[in-house]
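Letters A, B, ... are given to chains in the order of the sequence lines, protein chains preceding strands, and every chain is numbered from 1.
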There are 2 protein chains.
Amino acid sequence: MTDVETTTLGPPSVCQEAGAENQMVRDLLGRIGDKWSLMIIGALHKGPLRFSALQQVVGGISQRMLTLNLRQLQRDGLLTRTVYPEVPPRVEYELTELAHGLLAPVLQLVNWVADNADLVRKHREIYDAEQGGTA
Amino acid sequence: MTDVETTTLGPPSVCQEAGAENQMVRDLLGRIGDKWSLMIIGALHKGPLRFSALQQVVGGISQRMLTLNLRQLQRDGLLTRTVYPEVPPRVEYELTELAHGLLAPVLQLVNWVADNADLVRKHREIYDAEQGGTA
DNA sequence: CTGTATCCAAACGGATACTG
DNA sequence: CAGTATCCGTTTGGATACAG
């Protein structure tokens, strides 16, 4: 057991305020916290990638969803879209400075999930077993 | 400039494996990265909260969604549900040890969103304006 | 207070076909 | 290559009513 008071996160941003400000936060969290958005941001952490490469790295995302998500992120100012006027069209996506502040937590989150996926799977089995045969 | 074409991700955990393992990661990311899950975890960072309190702190979530999300998180082993056999039923939810590793990135993420919500809103306005009047 | 169950509309999201 | 448009099944999620 440790502290039950102030934690390591100083900013009073996550307090129990429930105003219009919080509405925006909820909305944004729904967009950025989105499954695909997290993976896209994670995939671009090293540098720019083109459309097809992005689709491969993310894995399992349809063309449609990738396009839609990229547009949203671009609109939110989190990534730039650069079109190279070449014969075979080439488009590269890159994180903006704004997105870089987001990079650390997102990467940690993705890594945590990757590291603990198996453990979570175990917990699910236990939970499901308890619901079915015990209790 | 180094080679950046169709390369894979560097980090140990976010490999390019497109197998069942990565499928699980995507799935989990979709659940934990969920709008409500992030807010619930963020809301519980200080300590246990009961159902109604949780609903207030999160704000804007329906009873149904709160219940469903709590069950999911419980199933994943991220929080515990304690029922106090009192006359007016009281149920408290608390993060597990497992969830604590998730706490840092989630809190950072939520705080980033809260801090930059306004900036993102501005980017959206700019983007929308460009689509309508320029190009 | 803390849920569960049902109804139902809206959004999500894949598959496919087509374009520049 | 990098999209856009459409169809259409699946899922999400609020509202409401009811129960322990």
Side-chain angles (χ1 to χ4, degrees), chain A residues 18 22-23 26-40 43-44 48-75 79-94 127 130-132 135, chain B residues 4-7 18 22-23 26-40 43-44 48-75 79-94 127 131 135:
Chain A
N22 217 307
Q23 158 61 34
R26 254 178 285 134
D27 175 62
L28 241 188
L29 219 51
R31 173 140 307 132
I32 292 176
D34 179 67
K35 170 173 54 177
W36 297 127
S37 295
L38 287 174
M39 298 215 63
I40 290 172
L44 290 172
L49 283 178
R50 43 196 301 184
F51 191 84
S52 52
L54 212 36
Q55 188 168 20
Q56 272 205 310
V57 174
V58 171
I61 189 173
S62 66
Q63 197 174 38
R64 173 188 151 86
M65 277 302 102
L66 181 55
T67 301
L68 289 178
N69 273 282
L70 287 173
R71 286 290 179 280
Q72 299 276 39
L73 293 173
Q74 187 188 352
R75 188 170 103 104
L79 55 79
T80 58
R81 177 174 179 271
T82 309
V83 182
Y84 295 88
E86 302 173 358
V87 182
R90 192 181 62 181
V91 181
E92 288 196 338
Y93 294 89
E94 184 171 21
Y127 182 91
E130 284 175 349
Q131 300 309 306
Chain B
V4 192
E5 52 176 17
T6 62
T7 47
N22 214 306
Q23 158 62 32
R26 254 178 285 133
D27 175 62
L28 242 188
L29 219 50
R31 171 141 307 132
I32 292 177
D34 178 68
K35 170 173 54 176
W36 297 128
S37 295
L38 288 174
M39 299 216 63
I40 289 172
L44 289 173
L49 284 178
R50 45 195 300 184
F51 191 84
S52 53
L54 212 37
Q55 188 168 21
Q56 270 205 311
V57 174
V58 171
I61 190 173
S62 66
Q63 194 174 44
R64 174 188 151 87
M65 277 302 101
L66 182 55
T67 300
L68 289 178
N69 272 282
L70 287 173
R71 287 289 179 281
Q72 301 274 41
L73 293 173
Q74 186 188 354
R75 188 169 102 105
L79 54 79
T80 59
R81 177 173 179 271
T82 309
V83 182
Y84 295 87
E86 303 172 358
V87 182
R90 190 181 62 179
V91 180
E92 288 196 337
Y93 294 90
E94 183 170 21
Y127 182 89
Q131 301 308 306

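Chain A approaches DNA chain C within less than 4.0 angstrom (heavy atoms of the protein), and the contacting nucleotides run 5' to 3' from dG13(C) to dG20(C). With a cutoff of under 4.0 Å to any heavy atom of chain A, the contacted region of DNA chain D is bounded 5' to 3' by dC1(D) to dT6(D).
Atom CZ in R75(B) sits 14.5 Å away from atom CG in L70(B) (nearest 0.5 Å). Between the CD1 atom of I61(A) and the OG1 atom of T67(A) there is a distance of 8.5 Å, given to the nearest 0.5 Å. Of the inter-residue distances, the one linking L73(B) atom CG with L68(B) atom CG reads 11.0 Å to the nearest 0.5 angstrom.
With V91(A) as the partner, the side chain to side chain contact (heavy atoms under 4.5 Å, CB included) test is satisfied by one option alone out of L54(A), T82(A), V83(A): V83(A).
The side chain to side chain contact (heavy atoms under 4.5 Å, CB included) check on Q74(A) picks up R71(A), L79(A), R81(A), Y127(B), with sequence neighbours excluded. Considering only residues two or more places apart in sequence or on other chains, R50(B) meets the side chain to side chain contact (heavy atoms under 4.5 Å, CB included) condition with S52(B), A53(B), R90(B), E92(B). The side-chain hydrogen bond (donor to acceptor under 3.5 Å, both in side chains) test applied to R64(B) returns no partner, not counting sequence neighbours. Partners of V87(A) according to the side chain to side chain contact (heavy atoms under 4.5 Å, CB included) rule, which considers only residues two or more places apart in sequence or in another chain, do not exist here. Legend: residues meeting side chain to side chain contact (heavy atoms under 4.5 Å, CB included) with L38(B), ordered by chain and number and at least two apart, are L29(A), V106(B), L109(B).
Scanning both residues, L49(A) and A43(A), for their nearest heavy atoms gives CD1-O, 3.6 Å. Listed here is the closest heavy atom pair of G59(A) and R26(B): O-NE, 3.1 Å. The minimum heavy-atom distance between Y93(B) and L44(B), with the atom names listed, is O-CD2, 3.4 Å.
Within residues 83-91 of chain B, the residues approached by DNA chain C to less than 4.0 Å at the level of any non-hydrogen atom are P89(B), V91(B), in residue-number order. Near DNA chain C, meaning a heavy atom under 4.0 Å away, the residues from residues 61-73 of chain B are Q63(B), R64(B), T67(B), R71(B).
Taking five base pairs at each end of the helix from dC1(C)-dG20(D) to dG20(C)-dC1(D) and finding the rotation axis that steps the C1' atoms of four pairs onto the next four gives two axes whose angle is 50°, to the nearest 10°.
Contacts classified as side-chain hydrogen bond (donor to acceptor under 3.5 Å, both in side chains) and involving residues 28-37 of chain A (residues at least two apart or in different chains) are given here: S37(A)-N69(A).
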